[in-house]
Amino acid sequence: SIDRNCRLSKVILTARETVTHNGVNYSQINVKAGSDLLASRVFNASSLTALTPESLTVDTAKNDLEDGDVLNIQYDFSANGLAVNCDLTLVFEPSRQF
């Protein structure tokens, strides 16, 4: 749960092991606030090299968060999916201007 008004400015995904993409058996990682999708990575068309940070695109129309909002990290898959052993770093900044 978010404890103050803020903005999600970056989402960085780093795989501990290389994730080789697969067009049929793939996984997806989503960062959501309620039903709003803030950032996503699908492993159906491009691989992720181990220990190489990748910045995900954050939806700037939905990234302003308020006290009490809940962020969810969701793992989803197609067919058998893929093993995704990774770290996710979320970077926040104050939503007000100084």
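Throughout, numbering of the chain's residues begins at 1 and tracks the sequence. Values in this document were obtained by computation on a predicted structure and should not be read as measured data. Values reported hereafter were calculated over all heavy atoms of this structure, with side chains retained and with hydrogens, waters and symmetry mates removed.
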Side-chain contact, heavy-atom cut-off 4.5 Å: Ser9 with Val58?
no
Report yes if some heavy atom in the side chain of Thr89 is under 4.5 Å from a heavy atom in the side chain of Thr14; otherwise report no.
no
Heavy-atom check, side chain of Leu90 versus side chain of Leu8, under 4.5 Å:
yes
Do His21 and Ser47 meet the criterion of a side-chain donor-acceptor pair at a distance under 3.5 Å?
yes
Can you check whether Val70's main-chain N or O pairs, donor with acceptor, with Ser1's side chain at less than 3.5 Å?
no
Is the shortest side-chain heavy-atom distance between Arg41 and Ser46 below 4.5 Å?
yes
Min side-chain heavy-atom separation Tyr26-Val42 under 4.5 Å
yes
Please confirm whether the backbone N or O of Val24 pairs with a side-chain atom of Ser78, one donor and one acceptor, at under 3.5 Å?
yes
For Asn25 and Asn80, indicate whether the former's side chain and the latter's backbone hold a donor-acceptor pair under 3.5 Å.
yes
Pairwise distance CG(Asp87) to CD1(Ile12) - rounded to 0.5 angstrom:
11.5 Å
Please list, chain by chain and in numerical order, all residues satisfying salt bridge (Lys or Arg N to Asp or Glu O under 4.0 Å) with Glu66, sequence neighbours excluded.
none
Those residues that, when tested against Asp76, pass salt bridge (Lys or Arg N to Asp or Glu O under 4.0 Å) (two or more places apart)
none
Student check: side-chain heavy atoms of Ile29 and Val84 closer than 4.5 Å
yes
Rounding to 0.5 Å, atoms CG (Leu65) and CZ (Arg4) come to a distance of 12.5 Å
Working to the nearest 0.5 angstrom, can you tell me the gap between Asp3 CG and Asp69 CG?
11.5 Å
If we count only N and O atoms by modelled type, under 3.5 Å, do the side chains of Ser40 and Asn30 hold a donor and an acceptor together?
yes
Give, for atom OG1 of Thr52 and atom CG of Leu13, the distance between the pair rounded to the nearest 0.5 Å.
11.0 Å
How far does CG of Asn5 sit from CG of Asp64, to the nearest 0.5 angstrom?
9.0 Å
Can you confirm whether Val19 sits close enough to Leu82 that some side-chain heavy atom of one is under 4.5 Å from a side-chain heavy atom of the other?
yes
Could you grab the distance from atom CG of Asn44 to atom CD of Gln28, nearest 0.5 Å is fine?
8.0 Å
Ser27 side chain to Gly81 main-chain N or O, any donor-acceptor pair under 3.5 Å?
no
Has Lys32 got more than 12 heavy atoms of other residues, nucleotides or ligands less than 6.0 Å from its NZ?
yes
Does the side chain of Leu88 come within less than 4.5 Å of Val31's, by heavy atoms?
yes
